[in-house]
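Inspection log for the structure reproduced underneath, given as structure tokens.
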Amino acid sequence: MLNKIGLIGGGNIGGVLAQEIVTRRLARTVALVDVKPPDLAKGKLLDIAEGTPVIGTDCEFVGGKEFDVLQDADIVINTAGVPRSVRPDGTYPTREELLGINLKITDSVSDGIRTYCPNAIVISIANPLDAIVYTLHKNLGIPKNRLIGMAGVLDSARYRYFIAEAAGVSVDNVEAMVLGGHGDEMVPVRSCCRVAGMPVEKFVSEDELAAIETRTRKAGGEVVGLMGTGSAFVSPAWSAIEMAEAILFDRKKILPCCVLLEGEYGIDNLFVGVPVVLGRDGIERIIEVDLDDDEKAALAKSVESVSKTCSEVDAMKAKS
Ligand code: APR
């Protein structure tokens, strides 16, 4: 069990994260910071705390609007951000305006981490994922093993779920990975997809596989469209919890994560989703998958759009 897990952002995902940490007994102390008044973080934690006698779990809770609650956290999970929603005057922010707002939030998240838990392993979920992780890297400058973006575990879980459904088998039997950026150009790697160790093509037709891969790339939007307001929050939270568990139990689990590449896959100085070994030290090893030519081309395309996003971040930061 870890001493302390810190959560930044107590909205939908932050709430599920806090709940899962308590029910799975992952940390002695759960800390939650959220700027939303009157005191969303305190309220969410009080709700969970008052339920602990029912589930028989002892846990310490520290919540509030200030980052000092994160003092000495071992792992920090970041979900702070604002979604694209209608303003009081009926207009929507442009993509650039929204990015600007979320980068400012990430600057304050960075200050909080730097001040109160500079040695923590940071898992970031907030969107736009690639831009936020890159900003945290620029702001914090922490060793690359301690900064990890959560996207690949979720995108791969979605791919696995769709394959399991099509094959009529347990999700446990499906192994699959989605690499690259967390956008429409993410790369479901068919050559790595196995059903109980056998090639996926034995269970699912080529046409159905192609449709599943397209659905995987747009899966976040599908949920948003159905829910009307907000976005997926249970599956992203569980995905980050899987990463946190791999770290805190030193499991050496291979999971696709958004990490800083320095030459691997021929990519330099960019955060890209690739399989890594997660253990006590965070990212302990980057695994280079043997991709076929189509997958290599798809990854290059996805990386190009990550690179464009990072240039946009650099330009915005230079202006501010
Ligand atoms: N510090 C702390 N918390 C903040 C800050 C800040 N500077 N700015 C905003 N927040 C909080 C908001 O008050 C809100 O409670 O972040 C929370 C975000 O919660 P939700 O809007 O419910 O979003 P959620 O569904 O949890 O998703 C969080 O993860 O998957 C991504 O796209 C998603 O970027 C979004 C993030």
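Other members of the hydrophobic cluster containing Leu209, listed by chain and number, are Tyr159, Tyr161, Phe162, Ile163, Val169, Val171, Val174, Val178, Met186, Val195, Met198, Val200, Phe203, Val204, Ile212; membership follows side-chain contacts under 4.5 Å among ILVMFWY residues, whether direct or relayed.
A salt bridge is absent between Glu60 and Lys4: the closest approach of a Lys/Arg side-chain nitrogen to an acidic carboxylate oxygen does not fall below 4.0 angstrom. Electrostatic pairing of Glu175 and Arg160 does not count as a salt bridge here, judged by no charged N lying under 4.0 Å from a carboxylate O.
Separating the SG atom in Cys117 from the CD1 atom in Ile5 is a distance of 12.5 Å, to the nearest 0.5 Å. Atoms CZ and CD1, from Arg24 and Ile241 in turn, are 6.0 Å apart once rounded to the nearest 0.5 Å.
For Glu50, the side-chain hydrogen bond (donor to acceptor under 3.5 Å, both in side chains) test picks out no residue, with sequence neighbours left out. With sequence neighbours excluded, no residue forms a salt bridge (Lys or Arg N to Asp or Glu O under 4.0 Å) with Glu304.
Under the 4.5 Å side-chain criterion, counting only non-hydrogen atoms from C-beta, Val187 is not in contact with Leu291. Residues Asp314 and Tyr134 form a side-chain contact, since some pair of their non-hydrogen atoms from C-beta on lies under 4.5 Å apart. Annotation: side chain of Pro275 is in contact with side chain of Val289 (closest heavy-atom distance under 4.5 Å). Contact check for Ile75 versus Ile77: side-chain heavy atoms found under the 4.5 Å cut-off. The closest side-chain heavy-atom distance from Asn173 to Ser170 is below 4.5 Å.
Judged by distance alone, the side chain of Lys144 and the main-chain N or O of Glu262 form no donor-acceptor pair under 3.5 Å. At least one donor-acceptor pair closer than 3.5 Å links the side chain of Ser108 to the backbone N or O of Ile105. For the pair Thr52 (side chain) and Asp58 (backbone), a donor-acceptor distance under 3.5 Å is absent. Between the side chain of Thr91 and the backbone N or O of Arg87, no donor-acceptor pair lies under 3.5 Å. Side-chain atoms of Glu245 never come within 3.5 Å of backbone atoms of Met243 as a donor-acceptor pair (strictly under, hydrogens ignored).
With Asp107 as reference, Thr135 is the one residue of Thr135, Leu136, Asn102 to meet the side chain to side chain contact (heavy atoms under 4.5 Å, CB included) rule.
In terms of hydrophobic clustering, with Ile, Leu, Val, Met, Phe, Trp and Tyr side chains grouped at heavy-atom distances under 4.5 Å, Ile21 and Met150 are assigned to a common cluster.
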What side-chain donor-acceptor pairs closer than 3.5 Å can you find for residues 223-238, not counting sequence neighbours?
from: Trp238; atom 1: NE1; to: Glu20; atom 2: OE2; distance (Å): 3.2

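Side-chain N/O atoms of Ser302 and Glu185 include no donor and acceptor closer than 3.5 Å.
Around CZ of Arg194, the count of heavy atoms belonging to other residues, nucleotides or ligands within 6.0 Å exceeds 12. Atom NZ of Lys44 is surrounded by more than 12 heavy atoms from other residues, nucleotides or ligands within 6.0 Å. Atom CD of Glu96 has more than 12 neighbouring heavy atoms from other residues, nucleotides or ligands inside a 6.0 Å radius. Within 6.0 Å of the NZ atom in Lys104, the count of heavy atoms belonging to other residues, nucleotides or ligands does not exceed 12.
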Set out, in order, the CA-CA distance, both residues' side-chain angles and the distance that settles side-chain contact (heavy atoms from CB on, under 4.5 Å) for Phe61 and Val22, then state yes or no. CA-CA 10 Å; Phe61 297 93; Val22 175; 3.6 Å; yes
Before giving the answer on side-chain contact (heavy atoms from CB on, under 4.5 Å), spell out for Val274 and Cys257 the whole-Å C-alpha distance, their side-chain angles and the decisive distance to 0.1 Å. CA-CA 6 Å; Val274 296; Cys257 298; over 6 Å; no
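Within the structure, every pair that satisfies the salt bridge (charged side-chain N to carboxylate O under 4.0 Å, His left out) test and touches residues 275-290, not counting sequence neighbours, is listed here: Asp250-Arg280, Lys252-Glu284. Among residues at least two apart or in separate chains, side-chain hydrogen bond (donor to acceptor under 3.5 Å, both in side chains) pairs with a member in residues 198-208 are Arg190-Glu206.
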